[in-house]
There are 2 protein chains.
Amino acid sequence: MDNITKLVDTFKEQGLLLPIWYEDGAIKVLDQIKLPFVEEVYTFTDVRQVADSIRTMVLRGSGAVGCAGAYGMLLAAIQYRGGKQDIFEAAGLLKSTRPTAVNLMKTVDEVVQAVKDAPEDGIADAVELAVCNILSRYLAYEHALGEYGADLIQDGDNILTHCHSGALAGSGYGGRALSVIRKAHEQGKKIHVYSSETRPYLQGARITVYELQKFGIAHTLITDGMSGYLMQLGKIQKAVVGSDRVAANGDLLNKVGTYMHAVAARENGVPFYTATSSHTIDLSLARGLDIEVEYRGEQEVLSIAGHRIAPEGIRALYPLFDVTPCRLISGIITERGIVRAPYTENIKALFSK
Amino acid sequence: MDNITKLVDTFKEQGLLLPIWYEDGAIKVLDQIKLPFVEEVYTFTDVRQVADSIRTMVLRGSGAVGCAGAYGMLLAAIQYRGGKQDIFEAAGLLKSTRPTAVNLMKTVDEVVQAVKDAPEDGIADAVELAVCNILSRYLAYEHALGEYGADLIQDGDNILTHCHSGALAGSGYGGRALSVIRKAHEQGKKIHVYSSETRPYLQGARITVYELQKFGIAHTLITDGMSGYLMQLGKIQKAVVGSDRVAANGDLLNKVGTYMHAVAARENGVPFYTATSSHTIDLSLARGLDIEVEYRGEQEVLSIAGHRIAPEGIRALYPLFDVTPCRLISGIITERGIVRAPYTENIKALFSK
């Protein structure tokens, strides 16, 4: 495992904030549930532990889950030396943890193909090579996306972001939205970020500001209802958020609260961008409102970090995502370039590049 | 104190939810900080205790603070039997607790005038009469405002409200926004209320849903970032919020987060109303953005109900109010009637009625 060891060393030298990595024959995973107060790192020697960490959201974010698929397969190859069938079973287990996670399917399948193609005595080497390729490619995507997006950021900009679309949700550089912000910062642009806390689960207050602090980027935490007022006062120049899914017409599905930031941005002439992997664009989804948004348990809204805030007997609602219509979006920043309106045509063009 | 005793009895028979009342020679105050988990009622026999309860926000809301000014004066008259000067000093003390609270100034001054006009041996009776008049008038305002506003509500409406503009912030019927809602409910209209939690201080999650529960009105708690999505889905037909101040041009100052609900409402064709006492309309304030909004301590944003949510070293921002431009407001519901655009003219007309 010399190659993966070296690759992880270079990742660390580059100042990446890794959600998952290889070390001394095992897989290390940072517990994102315990952040920001406890930085607990688990050492896994069984692929089932990696699968559990995906299932329980200890590790989360579409890019990070893709990496975890690759690392899970690497651990399976180490664990089941010699048996292709065992590794294929591990692949099935990993994919079953999040059947709708496109990146997870793709990275696991890519390693499965490498196993199929490998000679019986070269399985571990083949898996290691495939995993290194995946991780390097994921990182290159983040840098490319960051470069494209950073061109949109001006010196002195105050940038709004919502939820967490950062390094720990990606492969360690900055994920999606925070790759744009981190790249602009590294280019020497003096920027400041407003992170909206993102109730009910507080990803902004817990993880986004944690990463911005690690990266040395100036930032201020606000509640979800404050961005509009700050825009009115001229205190926000850009908005950049991640995406959970982009429809073929450019409609954006992202964490609930995104839409209201976008509406406030339009009202105040603030450009509103989403940063996303081109894989997140779903050509089979005609428009955003066609999708049935998942509703989570009301308990998240009724309490905060386990502390009840509302009286007993109160009902609550928790739609996980909302839909931002494409007309409110100034551009979709991807690793292949920036897509602008008209989105239906330009998204098609992006994929035919 | 027979008259005030009888008046409070009729208030209770009418199902009022009183923030403050007279009972057996003392003043009772419900602790709004401990709500909704503890319903603690204090018994005050010293006007300084009433003053403290205003200062510490145990009792809050513009209408409730006005009532507290009257009750504080009543307690002073009971406490300092015989001495006009002592009562005038108590008036100064009460007014000093919230020097910008218009209602507090007005009710205290009204009782002071009654003391001045009273014969030496009739001070207590004069104060009692003045206090009964104030309380009855305040309640009549809530009913009148509620009647006007309820005309705007249709059977089957889902109504969004933000922060707390209810009975405990008023004189016990429903304050401002909740008087509209309560009246519509009492008219037999089948309505349902979405209460947005109102971070950072959670007035919506703690107090508004508590009142709706008491009044038997169907309701659901949401986070501040969810209203827009529910409007997109056609699940909200009206929005009614209170107001901290209305400018001469109709711009609305209200708890931060109001503006984003209003922008989302406009985007989705949902009528957006504010319910307010005509006293809250400040003719000396030309437009909302002219006012310097108060910023509170960042601690409120960094923690929730005393529990830290963000990492150490993070900075946050807490503008107490935001400004909703008059063009986003469908009408201003007052006890004198509903004011509609063009606001500058129609607000002037309201006061010349």
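Lettering follows sequence order; numbering is per chain, from 1.
Options B:Asp322, B:Ile309, B:Leu35 differ in how many heavy-atom pairs under 4.5 Å they form with chain A, and the most are formed by B:Ile309. Considering only heavy-atom pairs separated by less than 4.5 Å from chain B, the leading option among A:Leu212, A:Leu230, A:Val209, A:Thr324 is A:Val209. If you tally non-hydrogen atom pairs under 4.5 Å between each of A:Ser195, A:Pro325, A:Ala316, A:Gly313 and chain B, the highest count goes to A:Ala316. Considering only heavy-atom pairs separated by less than 4.5 Å from chain B, the leading option among A:Ala205, A:Ser227, A:Ala218 is A:Ala205. Among A:Glu300, A:Gln213, A:Arg206, A:His162, the residue with the largest count of heavy-atom pairs under 4.5 Å with chain B is A:Gln213. If you tally non-hydrogen atom pairs under 4.5 Å between each of A:Met231, A:Lys255, A:His219 and chain B, the highest count goes to A:His219. Interface check for chain A: of the options B:Pro319, B:Gly228, B:Pro311, the most heavy-atom pairs under 4.5 Å are formed by B:Pro311. Counting heavy-atom pairs closer than 4.5 Å to chain B, the top residue among A:Asp224, A:Leu202, A:Thr198 is A:Leu202.
Between A:Phe37 and B:Ala310 the shortest heavy-atom distance is CE2-O, 3.3 Å. A pairwise comparison of heavy atoms in B:Tyr229 and A:Val293 identifies OH-CG2, 3.1 Å as the closest pair.
Inter-residue side-chain proximity for B:Pro200 and A:Met226 is flagged as met; some heavy-atom pair is nearer than 4.5 Å. Within the 4.5 Å cutoff, the side chain of B:Glu312 has no heavy atoms near those of the A:Pro36 side chain. Between A:Leu221 and B:Arg315 the shortest side-chain heavy-atom distance does not fall below 4.5 Å. Side-chain contact check for A:Tyr318 versus B:Ile222: every heavy-atom pair is 4.5 Å or farther apart.
For a residue to count as touching a neighbouring chain, one of its non-hydrogen atoms must lie under 4.5 Å from one of that chain's; by this rule B:Ile314 touches chain A with backbone and side chain alike. Residue contact with chain A, scored on non-hydrogen atoms closer than 4.5 Å, is absent for B:Arg266. When heavy atoms are compared at a cutoff of 4.5 Å, B:Leu289 approaches chain A solely by way of its side chain, counted from C-beta outward. The contact between B:Phe321 and chain A is made entirely by backbone atoms, counting heavy-atom distances below 4.5 Å. Only the side chain of A:Leu233 comes within less than 4.5 Å of a heavy atom of chain B; its backbone N, CA, C and O stay farther away.
Identified by a heavy-atom distance below 4.5 Å to chain A, the contributing residues of residues 234-243 of chain B are B:Lys235, in residue-number order. The interface of residues 258-265 of chain B with chain A, defined by heavy-atom distances below 4.5 Å, comprises B:Tyr259, B:Met260, B:His261, B:Val263, B:Ala264.
The distance from atom CD1 of A:Ile304 to atom CD of B:Glu197, rounded to the nearest 0.5 Å, is 5.5 Å. Going from atom OG of A:Ser196 over to atom CZ of B:Arg199 covers 11.5 Å, rounded to the nearest 0.5 Å. Here the straight-line distance linking atom CD of B:Glu267 with atom CD of A:Glu267 works out to 8.5 Å at 0.5 Å rounding.
Side-chain atoms of B:Glu298 never come within 3.5 Å of backbone atoms of A:Thr220 as a donor-acceptor pair (strictly under, hydrogens ignored).
The one candidate from A:Val301, A:Thr223, A:Leu317 that meets the side chain to side chain contact (heavy atoms under 4.5 Å, CB included) condition with B:Thr223 is A:Val301.
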